Amino acid sequence: MASIEMKHIVKRYGDGFPAINDVSIDIADGEFIILVGPSGSGKSTLLRMIVGLEDITSGDMFIGGKRVNELAPRDRNLAMVFQNYALYPHLTVFENIAFPLRLAKNKMPEEKVRELVTRAAKTLELTEHLDRKPGNLSGGQRQRVAMGRAIVREADAFLFDEPLSNLDAKLRGQMRTEIAQMQRRLGITSVYVTHDQTEAMTLGDRVAVLKHGVLQQVASPRELYEQP
Ligand code: ADP
Ligand code: ADP
């Protein structure tokens, strides 16, 4: 786990108005922060700069106190959780979670892999599903497998880009509850982009509001949504 600090971050895609305009924010170690704002306000751009998929025009980005502006995505140790969890359909839950460990440069002994996957599965209540394939799981279970993968890697932070936006209302509600429970249990630093006010209210320690690339407000969900 790690803090994420942004100091005067600017992103220009060309000559026009900056997509991100002087954004500064400190996200504490273990904090769950929600990023909201209209389409085109710069949410994805900001997320991509944290992950390292987009160059920073000016300003400084720190992860765990270390400046990462020039670090490649693979050297940042962050886990991106997408809408479609990019699980391998032909692999079991166990093998899906173990996948990043088997990719690792310094090959991990099988015993160690088993230990890490077993522990993550226990935390995520997936123990009895380890031999199943993703196609036989519920949406919530699939999401947990994706998170299991990030946990075994010991990612410093999770980044979510509208992970629930393609789901129907019922499943969205279930997954929201799952993510909230998991966050309470794991306390992993998370940046979560959403359009959904209920998600912002129920998941976030704080909500950051972007508009035209400018940070308008950073406040607790209560301060933001329950004003008299
Ligand atoms: P879009 O046009 O992409 O649908 P919206 O303008 O509807 O974007 O905003 C998306 C979400 O962002 C809203 O549901 C709301 O929760 C949140 N949001 C946007 N601006 C603010 C604001 N100033 N204060 C609080 N929440 C905001
Ligand atoms: P959001 O995620 O809030 O919808 P984006 O970060 O996708 O906002 O976009 C912010 C602004 O940057 C928009 O004006 C968008 O058109 C522009 N933009 C995003 N990606 C690119 C790109 N690859 N090239 C040029 N402009 C871009």
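Remember, it's 1-based here, ligands and their atoms both numbered in the order they're listed. Only a predicted model underlies this, so the values are computations on that prediction, with no experimental measurement involved.
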Report task. Would you please name every residue forming a side-chain contact (heavy atoms from CB on, under 4.5 Å) with T92, sequence neighbours left out? Result ->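 Applying side-chain contact (heavy atoms from CB on, under 4.5 Å) to T92 gives F94, E95, K133.
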Report task. With sequence neighbours excluded, tell me which residues meet side-chain contact (heavy atoms from CB on, under 4.5 Å) with D131. Result ->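 side-chain contact (heavy atoms from CB on, under 4.5 Å) list for D131, sorted by chain: empty.
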Query raised in the report: Do the ring planes of F32 and F160 sit parallel (below 30°), tilted (30 to 60°) or perpendicular (above 60°)?
Result: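 Parallel: the ring planes of F32 and F160 meet at under 30°.
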Query raised in the report: So which residues, sorted by chain and number, lie with a heavy atom under 4.0 Å of ligand 2?
Result: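 Ligand 2 pocket, heavy atoms under 4.0 Å: Y13, A19, P38, S39, G40, S41, G42, K43, S44, T45, R48.
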Requested in this report: Report yes if some heavy atom in the side chain of V23 is under 4.5 Å from a heavy atom in the side chain of L210; otherwise report no.
Outcome: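 They are in side-chain contact.
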Residues 49-67 side chain polar contacts: donor-acceptor under 3.5 Å, at least two apart:
| residue | atom | partner | partner atom | Å |
| --- | --- | --- | --- | --- |
| E54 | OE1 | Y13 | OH | 3.4 |
| E54 | OE1 | R48 | NE | 2.8 |
| E54 | OE1 | R48 | NH2 | 2.8 |
| T57 | OG1 | R12 | N | 2.9 |
| D60 | OD1 | R67 | NE | 2.7 |
| D60 | OD1 | R67 | NH2 | 3.2 |
| R67 | NH1 | E70 | OE1 | 2.9 |

Query raised in the report: Can you tell me how far the CG atom of L130 sits from the OG1 atom of T118, to the nearest 0.5 Å?
Result: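 Answer for the CG-OG1 pair, L130 versus T118, is 7.0 Å.
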